[in-house]
Amino acid sequence: MKDLMGLMKQAQELQKRMQEAQEQLDQEEAIGESGAGLVRVTLSAKGDMKSIELDPSILVASEKEVVEDLINAAHADARRKAEEVQARVMKDAAGGMPMPPGFSFPG
């Protein structure tokens with residue numbers, strides 16, 4: 001019975017750390033860039049878009065496709081960075097506890 005109580009306490013602590021990690025992910029940001037900084041996309045670490053910044057020099061009608069490509073590239077860069085932050089935060093929250101292969105934390 002003592003082992004069960006200890007396990008329950010560990011589960012509650014892990015749940016608390018995961019909730020705190022989710023809150024931290026709302027605050028952390030990942031910034032992706034493309035075109036040598038002409039386009040910047042900011043995402044939360046959960047992947048929610050917070051902002052897009054476009055250098056005015058690229059706002060030319062004839063460059064529409066280039067701008068779209070730059071936005072996609074900046075978003076992909078920000079998403080990769082957000083996933084890295086998410087993995088770090090969740091690993092820290094799990095306290096090094098090994099997780100089963102393929103396990104992902106709820107977002």
Side-chain angles (χ1 to χ4, degrees):
M1 186 68 160
K2 185 177 180 182
D3 287 344
L4 180 59
M5 294 301 287
L7 188 58
M8 293 292 287
K9 185 175 180 175
Q10 286 179 337
Q12 288 173 339
E13 180 62 31
L14 180 59
Q15 184 178 16
K16 178 182 174 200
R17 289 195 314 250
M18 289 299 134
Q19 179 61 38
E20 291 168 353
Q22 290 295 321
E23 292 169 6
Q24 182 180 352
L25 290 176
D26 281 332
Q27 302 302 315
E28 296 272 346
E29 292 183 346
I31 299 172
E33 294 186 8
S34 66
L38 293 175
V39 175
R40 291 173 49 118
V41 171
T42 303
L43 303 178
S44 74
K46 285 185 170 182
D48 298 326
M49 188 174 296
K50 293 191 162 205
S51 68
I52 295 178
E53 297 173 39
L54 304 174
D55 188 285
S57 68
I58 65 172
L59 300 177
V60 179
S62 63
E63 298 294 323
K64 177 183 177 292
E65 288 180 11
V66 172
V67 172
E68 290 170 346
D69 289 344
L70 288 172
I71 291 170
N72 282 329
H75 181 268
D77 184 42
R79 184 69 192 167
R80 181 187 52 77
K81 290 175 181 177
E83 288 170 355
E84 289 172 1
V85 171
Q86 193 175 58
R88 177 185 46 81
V89 168
M90 292 312 230
K91 180 181 176 191
D92 291 347
M97 176 185 271
M99 296 295 156
F103 180 84
S104 65
F105 296 98

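This one's a predicted model, so the numbers in the text were calculated from it and none came from an experiment.
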*asked:* Under 4.0 Å between a side-chain nitrogen and a carboxylate oxygen: does that hold for R80 and E84?
replied: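 Answer for the salt bridge query: yes.
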
*Output, in order, the C-alpha distance, side-chain angles, deciding distance and verdict of side chain to side chain donor-acceptor pair (under 3.5 Å) for Q27 and E23.*
CA-CA 7 Å; Q27 302 302 315; E23 292 169 6; over 6 Å; no

Could you tell me whether the side chain of [Y] reaches within less than 4.5 Å of the side chain of [X], counting heavy atoms only?
X: M18; Y: M90; result: yes
X: Q10; Y: L7; result: yes
X: M5; Y: K9; result: no
X: Q86; Y: E28; result: no

If you look only at distance, which donor and acceptor atoms sit under 3.5 Å apart when one is on a side chain in residues 31-43 and the other is two or more places apart or in another chain?
unit_1 : atom_1 : unit_2 : atom_2 : d
E33    : OE2    : R40    : NH1    : 3.1
S34    : OG     : L70    : O      : 2.6
T42    : OG1    : S51    : OG     : 3.4

*Joint hydrophobic cluster, M49 plus L25, side-chain heavy atoms closer than 4.5 Å*: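 Different clusters: M49 never reaches L25 through Ile, Leu, Val, Met, Phe, Trp or Tyr contacts under 4.5 Å.
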
_Tell me if the NZ atom of K64 is crowded by more than 12 foreign heavy atoms within 6.0 Å._
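Open.
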
*Check whether more than 12 heavy atoms from other residues, nucleotides or ligands sit under 6.0 Å from atom CD of Q15, and answer yes or no.*
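No - once you tally the heavy atoms of other residues, nucleotides and ligands closer than 6.0 Å, there are 12 at most.
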
_So, using side-chain contact (heavy atoms from CB on, under 4.5 Å) as the criterion, who are the partners of E83 when residues are at least two apart?_
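E83 satisfies side-chain contact (heavy atoms from CB on, under 4.5 Å) with R79 only.
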
*Once you round to the nearest 0.5 Å, how far does NZ of K46 lie from CD of E29?*
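One gets 14.0 Å once the value is rounded to the nearest 0.5 Å.
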
_Quick check: closest heavy atoms across A45 and V85, and the distance to 0.1 Å?_
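So the two residues come closest at CB-CG1, 3.7 Å.
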
*Work out which heavy atom in A78 is nearest to a heavy atom in A30; give both atom names and the distance.*
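Answer, listing the atom of A78 first, then A30: O-CB, 3.5 Å.
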
Atom pairs and distances, side-chain donor-acceptor, residues 56-63, under 3.5 Å, sequence neighbours left out:
unit_1 : atom_1 : unit_2 : atom_2 : d
S57    : OG     : D55    : OD1    : 2.6

